[in-house]
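For the numbers below, each heavy atom of this structure counts, side chains included, while hydrogens, waters and symmetry mates do not.
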Amino acid sequence: MYRWMIAAPASGSGKTAVVCGLLALLKKRGFLTGAFKCGPDYIDPMFHKKVLGMPGFNLDSFFLEPEKLKAQFGRESENLEAAVVEGVMGYFDGVGATAWGSSWDIARILGLPVILVVDGRGASLSVLAQIKGFLDYRPAGEREENRIAGVILNRTSPSMCAVLKPRIEEELGIACLGCLPVLKWLDLKSRHLGLMLPDEIENVQEQIERLSRTIEENVDVERLMELGWEEKQAETKEKNRKPEEKFCLAAAMDEAFCFYYQENLDLLKKLGARLLPFSPLKDEGLPKEADGVLLGGGYPELYAQKLGENRSMRECIRQAAEDGMPMLGECGGYLYLLEELEGEDGEMYPMAGVFSGCGKREEKLRHFGYVTVQAGADSLYLKKGQQIRGHEFHYWHCPQDETEGRMEARKPLGGRKWPAMRMDHQVMAGFPHLYYPSLPEFAEGFARACMEYRQRRNRH
């Protein structure tokens with residue numbers, strides 16, 4: 001099996017471009033390829049799925065302990081011929097000012113060779129100094145090797161790469177695999193939460209195909225393959241039986257709501273869920289078979305007017321909540337469950353009204369980073385003292401959270417805390433994006449509530 005991590009000294013160095021081009025190239029060469037993303041990001045996996053036509057997965061050593069992370073990677077890569085793992089932020093950047101949860105941490109746990117994508121624009125010999133710093137550095141108290149096996153120079157001309165390549169290999173002792181020149185045609189736009197979604201970018205498939213050709217022309221792919229080869233260990237395979245359907249789960253999936261961890265969906269399916277995608281933007285109501293609702297994150301603020309105009313869907317959601325249908329809303333999904341939402345245009349629009357209050361934009365990021373959510377008392381899907389891990393990243397805010405939040409969100413490593421997650425009827429919602437495998441009992445509780453709702457519905 002071939003497997004690599006593509007990492008970088010910092011965000012914006014070109015990791016996603018290299019990964020998408022490499023995925024397209026491996027697919028074109030006939031390898032059964034899977035993609036993984038370090039950290040809690042939703043958008044990069046959408047690009048991976050756009051290339052491969054199948055979902056990717058997140059790998060996060062804050063969400064999961066090392067042994068569970070290794071088991072997860074083993075399961076998801078078991079039948080693959082190649083696995084490409086995209087790093088997060090800078091190579092050593094993790095929780096706070098530590099390497100916990102960093103690309104380095106995940107490469108260390110999984111034993112991955114790392115290809116460092118270094119932005120060489122506007123530099124020459126200084127590129128070596130930067131690479132050497134990453135080769136020499138170790139997080140405090142760590143002795144393990146940094147696992148960097150090679151580099152790709154981004155935004156670097158082939159002529160400059162030809163000059164730097166022998167210096168890198170002779171002086172630093174690692175492979176210089178080639179370069180990507182400045183690509184004026186590459187247009188992966190960004191906005192406040194990161195890259196624009198792949199379906200919003202014009203000619204995205206054509207750009208990815210050109211990326212694959214550029215890599216083929218400028219990168220030593222054969223040497224890259226040599227660095228990534230690893231003999232698979234013989235393992236006893238578990239029989240994958242299709243879970244029995246026990247409940248139907250309506251999941252909002254459209255332009256406004258599209259942020260889901262694949263691992264969350266897979267866990268719910270393992271517990272018996274049949275997912276029913278629906279659109280709060282376009283559909284008149286929930287699927288008739290729904291026994292529960294998932295409202296994931298996304299960009300409801302960009303579609304606030306259209307969401308507000310879909311009165312039948314808003315009323316259907318509110319009525320289902322009042323009837324006791326279990327619901328989970330995260331970030332954008334929570335905003336939709338409020339009475340009103342401030343759109344990107346600054347206007348207020350009506351939403352579902354399951355919870356009181358309005359979602360309004362703040363000037364700065366309200367919360368950003370990993371959180372642990374803890375129940376202070378027994379609640380819908382969490383018992384007192386139970387903790388589930390997650391991530392927050394939002395500019396919008398609802399003042400009612402400060403008085404009606406029924407759980408405590410806390411930054412890791414003794415950081416600050418604040419009220420989070422509101423509850424009413426069978427609805428639990430808030431800004432944290434929860435990672436269900438970090439506390440499977442949470443998903444089990446939600447699944448159980450959906451099954452009980454189905455039984456009540458069938459009796460009537």
Side-chain angles (χ1 to χ4, degrees), residues 3-7 34-45 48 55-78 80 83-89 91-96 98-112 114 139 142 144 147 233 235 238 240 259-271 296-297 328 330-331 369-375 381-383 385-393 407 409-413 415 432-447:
R3 50 190 223 153
W4 313 262
M5 176 183 286
I6 309 298
F36 301 81
K37 173 65 183 180
C38 295
D41 185 271
Y42 293 100
I43 299 175
D44 288 346
H48 303 165
F57 299 88
N58 290 75
L59 297 169
D60 195 304
S61 55
F62 173 78
F63 288 159
L64 293 179
E65 297 166 357
E67 289 306 313
K68 291 181 179 179
L69 190 70
K70 284 193 281 189
Q72 176 192 325
F73 183 64
R75 284 193 306 271
E76 304 304 343
S77 64
E78 185 177 37
L80 299 176
V84 181
V85 179
E86 179 174 350
V88 58
M89 300 174 63
Y91 185 45
F92 293 107
D93 299 332
V95 177
T98 76
W100 179 25
S102 67
S103 304
W104 172 84
D105 194 29
I106 293 167
R108 174 186 66 83
I109 291 168
L110 301 180
L112 297 172
V114 176
E142 298 288 349
E144 292 194 37
R147 305 207 61 83
Q233 300 296 318
E235 295 179 1
E238 296 181 10
N240 292 321
F259 291 176
Y260 292 96
Y261 292 123
Q262 185 63 39
E263 299 87 338
N264 286 1
L265 302 179
D266 287 349
L267 177 55
L268 290 168
K269 286 190 280 189
K270 186 177 179 181
L271 293 169
L328 295 177
E330 297 183 353
C331 205
Y370 288 115
V371 294
T372 298
V373 175
Q374 178 172 312
Y381 312 120
L382 289 172
K383 294 180 180 178
Q386 283 188 316
Q387 296 181 346
I388 185 168
R389 294 186 173 186
H391 187 267
E392 287 196 31
F393 187 4
M407 298 184 187
R410 181 190 291 270
K411 286 278 192 181
L413 303 175
H433 291 278
L434 303 177
Y435 192 77
Y436 306 168
S438 70
L439 184 70
E441 293 92 331
F442 173 81
E444 291 165 4
F446 179 66

Can you give me every donor-acceptor pair (side chain of residues 65-74, partner residue at least two apart or in another chain, under 3.5 Å) with its distance?
from, atom 1, to, atom 2, distance (Å)
E67, OE2, K70, NZ, 3.0
Q72, OE1, Y435, OH, 3.4
Q72, NE2, N58, O, 2.8
Q72, NE2, E263, OE2, 3.2

Polar side-chain atom of S77 near backbone of A83 as donor-acceptor pair, under 3.5 Å: no
Verdict with reasoning, H433 to E392, per side chain to side chain donor-acceptor pair (under 3.5 Å): CA-CA 6 Å; H433 291 278; E392 287 196 31; over 6 Å; no
Under the 3.5 angstrom rule, does the side chain of W100 hit a backbone N or O of S61 as a donor-acceptor pair? yes
Any donor and acceptor pair, going by atom type alone, linking the side chain of S438 with main-chain N or O of I388 inside 3.5 Å? no
Any sub-3.5 Å donor-acceptor pair from K37's side-chain atoms to G87's backbone N or O? yes
For C331 and F393, which heavy atoms make the closest approach, and how far apart are they? SG-O, 4.2 Å
Side chain R147, main chain R108, donor-acceptor under 3.5 Å: no
How are the rings of Y381 and F442 set to each other: parallel, tilted or perpendicular (split at 30° and 60°)? perpendicular
Under the side-chain hydrogen bond (donor to acceptor under 3.5 Å, both in side chains) rule, collect the residues that match up with Y370, sequence neighbours excluded. D60
Is it the case that the side chain of S102 and the backbone of D93 share a donor-acceptor pair, with hydrogens and angles ignored and the cut-off at 3.5 Å? no
Provide the closest heavy-atom pair for C38 versus V88 in the form atom of the first, atom of the second, distance. O-CB, 3.4 Å
For the pair R389 and T372, evaluate side chain to side chain contact (heavy atoms under 4.5 Å, CB included) and give the outcome as yes or no after the intermediate values. CA-CA 5 Å; R389 294 186 173 186; T372 298; 4.1 Å; yes
Can you name the nearest heavy-atom pair linking L80 to E76, along with the distance? CD1-O, 3.7 Å
